[in-house]
Number of protein chains: 2
Amino acid sequence: MHILETISANTGLPVTDHAFDRILAALAATTDPWKVVDLADQPFNLTVEAVKVLADEGLVRFEDGQVHLTESGTELLRSRGVVPPKSFRCPACAGTGLSLTDLEDAFSTFRSIAEGRPEPTDDFDQGVLTPESAMRRAALMLQNGDVTGKRIAILGDDDLMTLAIGLAGKPKEIVTFEIDDRYVRYIREHAERLNIPATVLTFDLRKKLPDELFARFDTFLTDPPENYAGLFLFLERGFGLLKSGDGHAGYFGMTLTESSLRKWSRLQQWLGDEHDIVLTHLIYEHSEYENWGFLLDSIRNDVEPYRHFPKVNWYRSSLYRVETLSDFQPENISFEGEDIYSDEERLVYSKKAQRTPNGERR
Amino acid sequence: MHILETISANTGLPVTDHAFDRILAALAATTDPWKVVDLADQPFNLTVEAVKVLADEGLVRFEDGQVHLTESGTELLRSRGVVPPKSFRCPACAGTGLSLTDLEDAFSTFRSIAEGRPEPTDDFDQGVLTPESAMRRAALMLQNGDVTGKRIAILGDDDLMTLAIGLAGKPKEIVTFEIDDRYVRYIREHAERLNIPATVLTFDLRKKLPDELFARFDTFLTDPPENYAGLFLFLERGFGLLKSGDGHAGYFGMTLTESSLRKWSRLQQWLGDEHDIVLTHLIYEHSEYENWGFLLDSIRNDVEPYRHFPKVNWYRSSLYRVETLSDFQPENISFEGEDIYSDEERLVYSKKAQRTPNGERR
């Protein structure tokens with residue numbers, strides 16, 4: 001089908017019939033262009049390019065920032081047997097399976113702290129979890145015994161997970177790596193006030209870990225950048241922080257908006273091939289993010305509906321929990337000189353990746 | 001620690017400090033011996049042997065079929081820093097993230113059908129999902145677009161998933177492989193009555209698939225036996241049923257009661273190494289099973305608390321959803337002559353595996 005070839009040629013991404021059908025199904029479910037991205041579960045640029053090509057072909061039309069299937073678009077769906085997805089997401093827990101009822105006090109304190117946080121900036125690839133999602137990550141960690149009495153490392157903390165975890169549970173120690181001074185100060189100040197045993201360090205994760213941090217932790221948590229180089233850097237660093245042997249845990253978010261399932265697959269293979277690590281939980285769309293002010297400036301602006309700021313939260317990540325097995329050994333590798341923020345599946349690719357084409361590593 | 005060595009020597013299973021601590025934490029949370037197995041997330045024989053050795057050492061005592069930590073047991077936990085696990089499982093969806101509210105009619109019909117089903121027997125490794133869990137599996141499949149208009153294969157169906165899926169959604173066709181004639185008849189009869197487009201076949205999955213079934217399906221579902229040979233047979237057969245290329249889905253349950261995380265890890269590696277398959281969902285303890293009448297006859301009977309029939313459902317499995325990627329190719333292999341039901345991590349090992357020692361394949 002020539003539409004698929006056009007989309008593929010324009011994005012440099014492979015486009016299968018299945019991927020195309022997922023985008024069509026999303027268009028059948030909603031006219032909100034951002035919800036289309038959310039439901040399609042395809043890399044952002046692929047979905048946006050598909051919307052553009054479908055409009056060029058008269059299969060969708062744009063109106064007031066919304067995307068409507070035309071009559072021929074509806075006919076295309078019918079001929080391909082595409083139907084809109086149904087949702088059975090539990091409203092009580094937003095589909096996560098995790099209840100915050102027993103964490104009400106911690107959550108209430110956390111929410112008010114989160115309201116005062118510094119604004120995210122695209123200098124550091126920031127974009128923050130809703131307070132509910134942050135607290136639900138803490139709940140999962142607690143439930144798995146990865147908090148109480150444990151040494152926890154957090155790699156990048158614009159989500160304020162240091163405070164969410166410290167409010168929800170009783171870790172032995174939290175060490176947080178954060179590059180943005182505003183967040184360093186904000187987390188330190190509140191951790192001190194709340195007697196959370198946290199140390200916040202400004203540290204470039206591309207450098208090797210110092211001896212006092214290497215292989216010293218029970219648990220790590222990160223929301224990594226999702227280009228290949230950044231993803232593997234953050235995770236390699238996370239694993240480098242964990243003690244050797246079994247029973248240590250890593251938590252991280254992965255989207256299908258900035259990563260393809262191919263990337264997920266490579267990641268999953270790498271966990272077992274390079275390390276002795278098993279996946280214990282993969283909670284689909286566990287985490288929801290707040291819309292960030294610099295969104296429209298960071299993405300392509302050639303498709304009309306995506307020039308309007310989103311009215312709903314639409315960016316979600318799935319939560320991975322992985323656990324070390326008995327042969328696990330942390331490593332301490334240098335990544336100095338790597339571009340850790342771009343590749344062609346990323347939201348920001350159309351601008352940033354072209355600035356730094358050498359950073360790719362497939 | 002000599003306790004760990006004793007447990008390991010008596011079970012033939014590796015026992016790490018972490019595994020031992022998980023069992024201790026479970027003992028701190030409940031005195032119900034079956035809940036201990038549920039919470040510990042270790043192979044059944046490992047947990048039961050640990051309870052036995054702890055009793056021999058005076059660290060727990062048995063009373064009225066319950067397991068109580070003694071004073072020295074409590075002291076051991078304190079010295080090891082072990083605390084009971086907390087649960088944040090959402091009560092509305094039993095921690096699955098999936099609501100049945102929009103499936104009420106289907107669920108109500110299904111529940112009454114499930115009440116009349118034939119009794120499970122250990123001739124075929126049966127043990128059935130609660131109706132809630134069966135319907136929640138159907139809900140997840142529907143939500144992922146793996147039901148409507150799709151060809152679905154079900155490998156083994158004492159759970160009556162043919163009927164749950166047929167009631168909840170509109171598949172194009174369901175083909176169900178079932179070896180127990182009683183279930184074959186029961187499913188056929190209700191499928192016909194309910195106009196569910198299902199074909200139920202009696203077929204030994206060790207044999208190669210006939211041409212009219214090989215590589216013809218969009219989705220498969222199975223609750224495989226969890227010894228290595230049975231697990232890989234059922235999954236290999238499931239993948240052999242799927243069409244080539246991307247976007248086809250497999251669903252299967254895996255426990256931590258009959259499988260170790262090491263087995264999970266090997267399985268996860270195999271998915272990507274042998275096939276081009278990615279894990280998209282891993283819902284921890286999604287599925288709950290009803291207690292089965294032959295339980296006490298099928299397990300070891302040398303540890304007093306485990307001679308009492310359980311009062312609660314305690315056997316759970318996590319639900320894997322995997323998806324094929326673009327290079328996926330189904331295969332059609334013969335497994336004739338394999339013992340597909342035993343290995344040392346299984347519930348039934350202490351009896352069955354000794355009957356058929358040749359079946360092991362590590």
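Computed from a prediction, not measured in an experiment: that's the story for all the values here. Numbers restart at 1 for each chain; the letters A, B, ... are given by sequence-line order, proteins then strands. Side-chain atoms are counted along with the backbone in the values below, which use heavy atoms only and exclude waters and symmetry mates.
The OG atom of B/Ser260 sits 8.5 Å away from the CG atom of A/Leu325 when rounded to the nearest 0.5 Å. To the nearest 0.5 Å, atom OG of residue B/Ser87 and atom CG of residue A/Asn144 are 10.5 Å apart.
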For this session: Decide yes or no on side-chain contact (heavy atoms from CB on, under 4.5 Å) for B/His281 and A/Ser318, but give the supporting numbers first.
Result: CA-CA 9 Å; B/His281 298 62; A/Ser318 298; over 6 Å; no
For this session: Begin from the C-alpha positions of A/Val278 and B/Lys263 and carry the test side-chain contact (heavy atoms from CB on, under 4.5 Å) through to its verdict.
Result: CA-CA 9 Å; A/Val278 65; B/Lys263 196 184 281 178; over 6 Å; no
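Neither the backbone nor the side chain of A/Asp218 comes within less than 4.5 Å of any heavy atom in chain B. Looking at B/Thr148, only its side chain comes within 4.5 Å of chain A, counting heavy atoms on both sides. There is no contact between B/Asp21 and chain A, counting heavy-atom distances below 4.5 Å. Both the backbone and the side chain of A/Thr280 come within less than 4.5 Å of a heavy atom of chain B. Looking at B/Asp146, neither its backbone nor its side chain comes within 4.5 Å of chain A, counting heavy atoms on both sides.
With contacts defined as side-chain heavy-atom distances shorter than 4.5 Å, the pair B/His18/A/Glu323 qualifies. Under the 4.5 Å side-chain criterion, counting only non-hydrogen atoms from C-beta, B/Cys90 is in contact with A/Cys90. Residues A/Ser99 and B/Pro91 form a side-chain contact, since some pair of their non-hydrogen atoms from C-beta on lies under 4.5 Å apart.
Chain B forms more heavy-atom pairs under 4.5 Å with one residue of A/Leu142, A/Asp273, A/Asp102, A/Val83 than with any other, namely A/Asp273. Per-residue heavy-atom pair counts under 4.5 Å with chain A were compared for B/Asp246, B/Thr96, B/Thr101, B/Asp276, and the maximum is reached by B/Asp246. Interface check for chain A: of the options B/Leu271, B/Leu140, B/Leu282, B/Val82, the most heavy-atom pairs under 4.5 Å are formed by B/Leu282. Highest contact tally toward chain B, considering only A/Gly245, A/Gly95, A/Gly81, is held by A/Gly95 [criterion: heavy-atom pairs under 4.5 Å]. Contacts with chain A were tallied for B/His248, B/Arg136, B/Gln269, B/Arg22; B/Gln269 has the most, counting heavy-atom pairs under 4.5 Å. Of the residues considered (A/Ala92, A/Cys93, A/Pro84), A/Cys93 shows the highest number of contacts with chain B, using heavy-atom pairs under 4.5 Å. The candidate from B/Leu279, B/Leu98, B/Thr16, B/Leu100 with the greatest count of non-hydrogen atom pairs under 4.5 Å with chain A is B/Leu279.
Across every non-hydrogen atom of B/Ile277 and A/Ser265, the tightest pair is O-OG, 4.4 Å.
Within a 6.0 Å sphere centred on NZ of A/Lys243, heavy atoms belonging to other residues, nucleotides or ligands number more than 12.
In this structure a side-chain-to-backbone donor-acceptor pair under 3.5 Å is present from A/Gln143 to B/Phe88.
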